[in-house]
Amino acid sequence: MNYFVTTSIPYVNGPPHIGHALEFIMADVLARAARAEKKPVIFSTGTDEHGGKIADKAAEVGKDVKIFADEMSQQFRGLAKALNISNDRFIRTTDAGHEQRAQIIWKNLAKDIYKGTYVGLYCTGCEAFVTEPVAKENKGTCPHHQKPYEKLEEENYFFKLSVYAPEILKAIESGSFEILPQSRKHEILHVIKSGLEDISISRPKEKLTWGIAVPGDENQVMYVWFEALMNYLTVLGYPEHDDYLKFWPANVQVVGKDILRFHAAIWPGMLLGLGLPLPKKLYVHGFITVNNQKMSKSLGNVIPPQDIINAYGVDAMRYYFLRHIPAYDDGDFSWAKLHAAYNNELANELGNCVQRTAAMIVSYQKGIIGDSPPPEHDIAAYSEALEHCRFDRALDEVWDQVRGLNQYIDEQKPWEINKQGDSEHLREVLAYQVSCLLQIAELLAPLLPETATKIQYIFGEGVVRPIEGTLFPRKEHTPDAANVSEAPGK
RNA sequence: GGCAGGGUAGCUCAGUUGGUUAGAGCACAGGACUCAUAAGCCUGGGGUCACGAGUUCAAAUCUCGUCCCUGCUACCA
């Protein structure tokens, strides 16, 4: 019954971009949908703040690390707020509670932790070692960071991930640990079948001070990834808090495709080491391109989420990201596409439908809405879509209803019924329109909460209550931001 | 190289176990209407379903081959 949903926690090495926004929005839909079913929900997000890269970044801008992390974290908190994200928790890996509990987790994993020497090629950008073949293929330079790999030999603690490979495999294959979409499931199964090696989970303190101390060893700090994953437990108050006892395992964990391995191999291994059940579902979303180009600073096409919200509003942004970014695939954003979706679908189809219905009731019936039996639309496809995190399909289903309602209005022609003076029939038709809109609002609530609330406000009390302006006023031109963002960057 | 998934209307895609003239949205063209945010509704044009062969009464759908695209993974015995 209890429902626990998480996003991955963004690494605070740069400001939020639309990829972060996508993940926040998707997880938010799941949380809101669960609350709508009257389930007790904990929805957590937060920020991942340790590691050498953050320390370097802070040094670069001449700030104290903690202050830098504070500021960055604040930006993500701000993004969640701006997107109308309903998270119950916002955990930071620099929270005292997380740090303490992470050490408890480490101790509880002690039987699977041993000390060893790691020799390998390391990229400070990725904060990861790479295998020899990969390094060779990249000609000794990390393609992501344009930095040469450094040969490192160091004492590390290791986690016996290899021991758990068979059990992880079984959980994924059987579906007790479900991975969506299926293509990602196949992908990770392939990785696991080809063998999981034990992983290095600490770094010598002399090289890295910005991290959580390894219990009982002054000279080592936890590797940032290993520790960051623990947030899903520490946020609930593992090991003793009531929330932890009631809400673990997570119902859904939402992550991006780049961190599949961490969440579908390493994380399950850690949980098995702790003797805990695995999450029920891992939903893996794709990436967003801008005008079919990869987002990058050098191309100058990075779009701050706030720009979109400022230009079109929160729900328009949520709408585009949920419906026009495929839930099981990569997607593309452009101001032109957003503009078209906004005008055609939000303003013309939905907004205008609300408007014409309200206007007729006001002018024909002094705003009084009659009674109507609820519409008998089959919402199974909608529910199933949400169950499978197919947010795009879910909105398709809602829009079928919006279109259907517009057709109904044109077939019934309430304006003619009004002229004929059949007030009883008119009342029935208009009341039915309202029940349809209220159902649409209900379905929309997890996806576009603000819009749903407005529709419910207008029609929910038996009398049409006007709102200021219209739901989605048409926009004639794309905003200035469009020109800026679509200009070739330098 | 291996594994996986794709290549369907100008664009984005849907097409269940092979079965009637291959669908939707956007874009485009035309029409009837007027309650509404010059919105909505109706109609229409447009596809050798990547290519070649095969199985079948029948293939977008199954088999084999070829060419492209994407993702993961790998040259260690």
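Values in this document were obtained by computation on a predicted structure and should not be read as measured data. The chains referred to below are lettered A, B, ... by the order of the sequence lines, with proteins before strands, and numbering in each begins at 1.
- Using a 4.0 Å heavy-atom criterion, one finds that A/Arg261 contacts the sugar-phosphate atoms exclusively.
- At least one cation-pi condition fails for A/Lys115 and A/Phe158: the charged atom is not both under 6.0 angstrom from the six-membered ring centre and inside a 45 degree cone around its axis.
- Under the 6.0 Å cut-off for aromatic ring centres, A/Tyr114 and A/Tyr157 do not qualify, their centroids lying 6.0 Å or more apart.
- Taking the ring centroids of A/Phe262 and A/Trp267, they lie at or beyond the 6.0 Å cut-off.
- In the interface, the side chain of A/Asn348 is not paired with the base of B/rA39 through any donor and acceptor atom under 3.5 Å apart.
- Expressed to the nearest 0.5 Å, how far CG of A/Asn292 lies from CG of A/Asp332 amounts to 4.0 Å.
- If you take NE2 of A/His186 and C1' of B/rC3, they are 11 Å apart, rounded to a whole angstrom.
- As judged by a 4.0 angstrom heavy-atom cut-off over every strand, A/Ala359 is placed among residues touching the sugar-phosphate backbone only.
- Secondary-structure stems of RNA chain B, taken as three or more successive Watson-Crick or G-U wobble pairs (i with j, i+1 with j-1) under a 3.5 Å distance threshold, comprise B:1-7 with B:67-73, B:10-13 with B:23-26, B:28-31 with B:41-44, B:50-54 with B:62-66.
- Of the residues in residues 416-446 of chain A, not one comes within less than 4.0 Å of RNA chain B through any heavy atom.
- Among the heavy atoms of the strands lying under 4.0 Å from A/Leu471 is at least one base atom, whether or not backbone atoms are also near.
- Ring to ring, A/His324 and A/Tyr319 are close: their centroids are under 6.0 angstrom apart.
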Side-chain donor-acceptor distances from residues 402-421 of chain A under 3.5 Å, at least two apart:
| unit_1 | atom_1 | unit_2 | atom_2 | d |
| --- | --- | --- | --- | --- |
| A/Arg403 | NE | A/Glu349 | OE2 | 2.9 |
| A/Arg403 | NH2 | A/Glu349 | OE2 | 3.2 |
| A/Asn406 | OD1 | A/Arg356 | NH1 | 2.8 |
| A/Asn406 | ND2 | A/Glu349 | O | 3.2 |
| A/Asp410 | OD1 | A/Arg356 | NH2 | 3.3 |
| A/Lys413 | NZ | A/Asp410 | O | 3.1 |

(request) Dump the intermediate steps for side chain to side chain contact (heavy atoms under 4.5 Å, CB included) on A/Glu23 and A/Ser8, then the final yes or no. (result) CA-CA 8 Å; A/Glu23 185 164 316; A/Ser8 62; 2.5 Å; yes
Got a list of side-chain donor-acceptor pairs under 3.5 Å for residues 449-463 of chain A, not counting sequence neighbours?
| unit_1 | atom_1 | unit_2 | atom_2 | d |
| --- | --- | --- | --- | --- |
| A/Thr451 | OG1 | A/Asp315 | OD2 | 2.6 |
| A/Thr453 | OG1 | A/Pro449 | O | 2.9 |

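- Not less than 6.0 angstrom separates the ring centroid of A/His50 from the ring centroid of A/Tyr11.
- Residues from residues 407-414 of chain A with heavy atoms under 4.0 angstrom of RNA chain B, sorted by number: A/Gln407, A/Asp410.
- Near-neighbour residues of RNA chain B inside residues 362-401 of chain A, defined by a heavy atom below 4.0 Å, number-ordered: A/Tyr364, A/Arg393.
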